[in-house]
Each structure stands twice: as C-alpha cells, then as structure tokens.
Amino acid sequence: MTQTADVVICGAGITGVSAAHFLSKAGLKNILLLDERPSLSLTSDRSTECYRNWWPDAEMLALMNRSIDLMEALADESGNVFRMNRRGYLYVTANKSRIQDLENASYRISGLGAGPTRIHSSSSLYYQASSAEGFHDQPTGADLLIGNELIRKYFPYITGRAAAALHVRRAGWLDAQQLGMYLLETARSRGVRFASGRVSGVGTSNGCVKGVRLSSGERIDSPVFINAAGPYLKEVSRLLGIDLPVHTELHLKASIKDALGVVGREAPLLIWTDPQWLPWEEEERLALAEDEETKWLTDLFPSGVHTRPEGAGESQTILMLWEYQTKVMEPIWPPKMDEQYPEVALRGLSALLPRMKEYFSHMPRPQLDGGYYTKTRENRPLVGSMGMEGAFVIGAVSGYGIMSACGVGELLAAQVQGSELPAYASAFTPSRYDDPEYLKRLESWGENGQL
C-alpha cells in the first residue's frame, strides 16, 4: 500500500511536533508525522522543562530569544495553558574571588543581547523580585546580588556562605507536555496527520528524496523527509547514507517530596556554581575511600548541582539534577539508572541549601528517571538540509530541547520553504562542518552553555 505526503517527519518528540506546527502554520497541508511510539513520550517527557536566554554563544542566544518570543506568544494565545513562568535561574557561589569573573561574564552575555546587567551590593532599591506565575512585566538581563545579607533577604533558604548570586531574568520553566500537546493539536487542526510506524528506509532517485518505507512494508511517497528522531538522529540519517556528527549522553534527574520546605515554593531554578566534596561523616568517608567501587564518592565533584520546585498548589515535590558524570552511550530503553544518583544530588545540594542535611538520615523516597541528550561537539543544534534535495534534519538539541523547540521548528520551516532566514541560521546547518575555518574553531571552542 502506498500513501502520499508533501512532508514526512520522522519523530514526534518536541522538535518533530514543533516542525509540524510551524510548517502547517506556513501553509503546508499534507504533513505526516511518524513515530513508532506515542507522541512526546521518549525524551520529551523527561525534561527539566526549563528555559533561558542566557548563553555565552551569540548565535545560541539569538535563537533562544526568538524561541522564547514564540513561546510567550503561544502562552498568550492559549491562556498560558502550559503555565510558563519567568522565575529565573539563580547561580550562586560562596567564592568571593569569583565575583569579578561573574560580573565580567554577565556583562559579556548582556552585550550579546540577553538584556542589561544590574549590580546590587549594600542597596537593593532597584532589585525586582520575580513573580511565581506568569512572565509579563518582568525584567530581562540579570541581577548580580553581592553579599550574603542581601542574597538571603530575598532567598532566605540559601546558605549563609553565599557570597554572590546572579539572577538571570528571562528564564524559568513551563509544562513541557502541555506545550507539546498545544503545538500538536494546533498542527492537527490545520490538517497534520500522526501515524504510528517505524521508518526502515528512505527512497531516493538522482540525489532527491522520493519517499519512505516503513517496517510494516508500507510505502509513503514524499519529496521531503525530515529527520527529527531525537536520540536516534544518527541511526535515521544512515538510512540516507549520511553520518551526522552527533553523540548521545545519558542524563538523569530525581524528584523527592520536600516535606520540610527546604526549597522555597516560589524559588527560581537554584544552581550551585562551585566544585565541592560531598559531606560525609568521617567514618563514612573512610569506608567509602577503602572500596574501589565507592571511592569516587570521596573525590572532588564538579559545579552545577541544581534544583527547583515542581508542581502547583499543595505540591511538595522538588527536582534534583547534577551532571557529575558524563555517560556517552548509544540509546537503550529503558536507560540504566544510577541508584546512587538521588542521594549524591541531595548531598550536593546541601552546599547551597543547608537544611538538606536534615534528609541525610531519612531521605524521602526518590523518583528517578532519565533520557538522552543528543549533542554535537560544540553543543549547537542541527537544523537544515542534510546535503540531499528534500532531506532535512532538526535535532541535536542536547539539554535545551524544550527551550529551543519553537525556534528550531520555525527555522526549519523557513528552510524547507526556501523563505528568508535569520542571521543565525548558518550557525546550525549541518553544512557548517564543511567549512575548514569552522573546524578550526572547534579545536578551541570555549564554554558551550551546558548546565
């Protein structure tokens, strides 16, 4: 049996759904969204659901600004069905010697278009606390709070050792499933179809896409094929004889019931930016150090442990995340869980939130899940032609899939249609790796914005 479609999208995660939404918004009618799993069910529903425009990469910052513009417009038109807030990200350090570097980096990112940097020390007359809900009438840029007394005036649950806190303002979180469903239902209302199926081949002729084959034996004739396969981006690209420069990493997150109210329920995303040794009792430390399988728990851990409140109303849930081990691997389902992860994250968070120590002897039962980040070497996405007429890719959105989804979906739609492109488009096309100068830049690529 043979069907026809003007566009076939392989993958119904958040990027595939966004591509369908923006292609249909641009006027394309016969769009087929294919996935062997239910939509938004693989890595998309394991997201931290956060967003930010605070990036050290000018092109990434421009993309995120545009994506946030689009999300805010969708929130307004839907009555904010996906509960987008702008509580911000709060980066905290106890190291006074890092304050000047933090200030310099903030001014540099402000200069790229993130909004102004405001410095607050003894006086906080001009600091505007964030609202727990919504995103209108909130500042952009960032506020650098210097001094523990000032920090704890607004965030009393934070450690008395905190020396500075950078509050990034065009940032927050949302309900990613609701955003994805809103995009999908809007696309469906314009005629986008969803079908369950596994793409087993892509037909080509004279260097042009002609259609796809499904594992069921069904064929779909189409001049446009979009690879939006998330962690299977590389595998699907090989159906066209193309090897995309991506890899996958397993990333975990844990959630617990914070019955003691350690994390303020109106808190922003809280991030500890200093390396640390985990807090163990001396007997525990000695025992861990003696065992080859556990001695790593006594090593110096990296910066970046973070948490945020989750849920509305009477919810006591908090999310805990910390990428203390990078695990590059092929995607397998279900992913293998690190059962020590919740305790490690909780102990790490005690550097930022001292009352976390009250859970050491009776840790709440954690919920642990994880998914795969699909990444390029420099942590930029892949959006554009795969070098064959009619073959496109949208993916490698790493840990920023939700925040970038609308931006990359709109960008891909413009590329498929041959419309005018924004200035940042060339930074994300696969063809950038054909440029010798770009490859040279990769050798000394700086900070990539990964949290």
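The first residue in the sequence is number 1, and the count goes up from there.
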Exercise. Does the salt bridge (charged side-chain N to carboxylate O under 4.0 Å, His left out) test come out yes or no for Arg347 and Glu343, once each step is laid out?
Worked result: CA-CA 6 Å; Arg347 286 181 176 270; Glu343 182 179 2; 2.9 Å; yes
Is it true that [Y] and [X] share a donor-acceptor pair across their side chains at a distance under 3.5 Å?
X	Y	value
Ser67	Ser404	no
His167	Tyr127	yes
Tyr126	Asp143	no
Asp274	Ser303	no
Tyr372	Glu330	no
Glu249	His247	yes
Gln415	Ser385	no
Tyr324	Asp338	yes
Arg169	Asn53	no
Thr93	Arg98	yes
Tyr341	Gln325	no

To the nearest 0.5 Å, tell me how far [X] [atom1] sits from [Y] [atom2].
X	Y	atom1	atom2	result
Asp291	Leu286	CG	CG	13.0 Å
Thr15	Ile402	OG1	CD1	9.5 Å
Asp101	Ser106	CG	OG	12.0 Å
Ile394	Ile226	CD1	CD1	7.5 Å
Leu183	Ser39	CG	OG	11.0 Å
Ile146	Lys96	CD1	NZ	11.5 Å

Determine yes or no for a side-chain-to-main-chain donor-acceptor pair under 3.5 angstrom, with [X] supplying the side chain and [Y] the backbone.
X	Y	result
Glu284	Glu281	yes
Ser110	Gly115	yes
Asn227	Val236	no
Arg152	Ile158	yes
Asn148	Ala162	yes
Asn85	Glu133	no
Trp173	Gly88	no
Asp175	Arg83	no
Ser315	Thr317	yes
Ser24	Ala20	yes

Taking [atom1] in [X] as the centre, count heavy atoms belonging to other residues, nucleotides or ligands within less than 6.0 Å. Is the count above 12?
X	atom1	value
Glu185	CD	yes
Trp277	CH2	no
Asp243	CG	yes
Arg118	CZ	yes
Glu358	CD	yes
Arg198	CZ	no

For this session: Could you check Tyr182 against Gln177 for side chain to side chain donor-acceptor pair (under 3.5 Å), going step by step and ending with a plain yes or no?
Result: CA-CA 8 Å; Tyr182 185 74; Gln177 280 290 306; over 6 Å; no
Exercise. Among Tyr373, Tyr51, Trp55, which residue meets the ring pair (Phe, Tyr, Trp, His ring centres under 6.0 Å) test with Tyr400?
Worked result: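 Of all the options given, the one that passes is Trp55.
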Problem set entry | Verdict with supporting geometry, Arg170 and Asp69, salt bridge (charged side-chain N to carboxylate O under 4.0 Å, His left out) | CA-CA 10 Å; Arg170 198 175 193 203; Asp69 287 345; 2.7 Å; yes
For this session: For the pair Glu72 and Arg86, evaluate salt bridge (charged side-chain N to carboxylate O under 4.0 Å, His left out) and give the outcome as yes or no after the intermediate values.
Result: CA-CA 10 Å; Glu72 290 178 346; Arg86 199 189 281 186; 2.7 Å; yes
Problem set entry | Flag side-chain contact, heavy atom, 4.5 Å: Ile242 against Lys234 | no
For this session: For the pair Thr248 and Thr374, evaluate side chain to side chain donor-acceptor pair (under 3.5 Å) and give the outcome as yes or no after the intermediate values.
Result: CA-CA 4 Å; Thr248 50; Thr374 304; 5.9 Å; no
In terms of side-chain geometry, is the basic nitrogen of [X] or [Y] positioned less than 4.0 Å from the acidic oxygen of its partner?
X	Y	result
Arg308	Glu49	yes
Lys440	Asp435	no
Arg380	Glu59	yes
Glu103	Arg108	no

Problem set entry | Pair Phe392 and Phe225, ring centroids less than 6.0 Å apart | no
Problem set entry | Sub-6.0 Å ring centroid separation between Phe301 and Trp272 | no
For this session: Evaluate the criterion salt bridge (charged side-chain N to carboxylate O under 4.0 Å, His left out) for residue pair Glu310 and Lys257; output intermediate values, then yes/no.
Result: CA-CA 10 Å; Glu310 165 66 2; Lys257 290 282 184 68; over 6 Å; no
Problem set entry | Positive for side-chain contact (heavy atoms from CB on, under 4.5 Å) with Pro381, one of Leu63, Val246, Leu412 |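 Exactly one option meets the side-chain contact (heavy atoms from CB on, under 4.5 Å) with Pro381, and it is Leu63.
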Problem set entry | Aromatic plane relationship, Tyr89 with Tyr91 - under 30° parallel, 30 to 60° tilted, over 60° perpendicular | tilted
Problem set entry | Nearest atoms (heavy-atom pairs only) where Leu352 meets Leu270 | CD2-CB, 3.7 Å
